[in-house]
Amino acid sequence: MHVLKPTATAVVVMLAAVSLAACSSSEPASVSAKTHAPVDRSNWPEETPATGLVKGMELPLEAYMTSYSDQVIIDTALRTLQTQCMAEYGLTVDLPRPGVNPPLHNNAISIERRYGITDRTQAEKYGYGLPKELTRSTEPFETGLSAVEVEVLTGRAKNDFLPPGGTKGNGAYLAGGAGKPARTEHQGKRLHEDGCTGWSKKQIKWDESDTGLITQLAAKSLSDSRSNEPVKKAIKDWSACMKKQGRSAADPYRAMEQGYASGDGTTEDAIELALDDIDCKQQTRLIKVWFKAESAIQKRLIEENKDRLVTVKTRMSEVLAAAKAVK
């Protein structure tokens, strides 16, 4: 019998899925400097899933979230402004190009894997993993930039982004103020607060905290939906189905965790597990039941937070308009 580890939780897996959608849409500066090929939009996520068990599904809160295509517009404007800002300090840099490394998901709701893996065709090839074209580079963003370029760009010292001693990992790390402080000026010009990055966001009035409310509501709706009786029954039925396949899993998140337990989720065992997982979801109608329950919860949350959500949506529309005006 295949026994799945019981240590994962719905919240942990959900946040991991959301982080994929929230990742920067750009590539490392050093990579960008090596290629100037047009951005390939063919790998960009569909606004609404076109395949799999979540085909055509869109949760209510998605109407208040920034789509990937709009995020690329915003990131492109920020890149332009940051490049102009850096030039004012006498620095010429080739910053990451938005849209080069798209995520699997169109927005932070991460519907494709919100309830675990859902696309059988993809699972047949990659198990719980992702195709290479959807795998972001793991090179830290500041690789290829000099210390002064990082400081002018971010307002922080380059060593503040290094991994903690003895660890291996991807992306940027903050040293909690333990590193060398950034210079206060360059070429006789004072650095902006949070560098050119912070300055660029102010120019289009983009406050990333606006998305905080929506993210919180989305996390709550997923958590609350787990207590919905039809969902609990569907998960129990799914687990029973998995048991018939010789597997022991309390819920789809545990199956996903096991899929990554021995690698990147694309091993032969992971593929077999993923296919059993998806087949049982289809047999028990788990996805449809879960989606219906969470949709109802989100509609209630939207009504309860109507004024605040409208304000956030209006501000994001203004940010998008400002981004489109950047030349």
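Residue Met242 holds its CE atom at 11.0 Å from CD of Gln283, rounded to the nearest 0.5 Å. Between the CG atom of Leu95 and the CG atom of Leu78 there is a distance of 10.5 Å, given to the nearest 0.5 Å. If you take CD1 on Ile214 and CG on Leu301, they are separated by 12.5 Å, rounding to the nearest 0.5 Å. Here the CG-NE2 distance, from Leu153 to His192, works out to 11.5 Å after rounding to the nearest 0.5 Å. From Asp279, atom CG reaches atom SG of Cys241 across 7.5 Å, with rounding to the nearest 0.5 Å. Rounding to the nearest 0.5 angstrom, the gap separating the OG1 atom in Thr66 from the CG atom in Asp75 is 10.0 Å.
With no hydrogens or angles considered, a side-chain donor-acceptor pair links Asp264 and Thr266 at under 3.5 Å. Checking Ser221 against Gln298 by side-chain atom types alone, a donor-acceptor pair falls below 3.5 Å. For Asn106 and Trp44, the side-chain atoms include no donor-acceptor pair closer than 3.5 Å.
Residues passing the side chain to side chain contact (heavy atoms under 4.5 Å, CB included) test with Gln203 are Leu81, Trp199, sequence neighbours excluded. Contacts of Tyr260 classified as side chain to side chain contact (heavy atoms under 4.5 Å, CB included), with partners at least two apart in sequence or in another chain: Arg113, Tyr128, Met256.
The salt bridge (Lys or Arg N to Asp or Glu O under 4.0 Å) pairs that include a residue from residues 305-326 are Asp210-Arg315, where partners are two or more places apart or lie in different chains. Counting only residues at least two apart or in different chains, salt bridge (Lys or Arg N to Asp or Glu O under 4.0 Å) contacts with residues 195-209 comprise Glu193-Lys202, Lys201-Glu208. Counting only residues at least two apart or in different chains, salt bridge (Lys or Arg N to Asp or Glu O under 4.0 Å) contacts with residues 41-60 are absent.
Between Gln122 and Leu130 the shortest heavy-atom distance is OE1-CD2, 4.3 Å. The minimum heavy-atom distance between Ala218 and Ile109, with the atom names listed, is CB-CD1, 3.7 Å. Annotation for Ala270 and Gly259: closest pair CB-O, 3.5 Å, computed over non-hydrogen atoms.
One finds no salt bridge joining Glu303 and Arg300 here, because no Lys/Arg side-chain nitrogen approaches an Asp/Glu carboxylate oxygen to under 4.0 Å.
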Show me, pair by pair, the donor-acceptor contacts under 3.5 angstrom made by side chains of residues 85-93, not counting sequence neighbours?
residue	atom	partner	partner atom	Å
Tyr89	OH	Arg190	O	2.6

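For Gln84, the CD atom is densely surrounded, since the number of other residues' heavy atoms within 6.0 Å is greater than 12.
Using a 4.5 Å heavy-atom threshold, the side chains of Glu272 and Arg247 count as touching.
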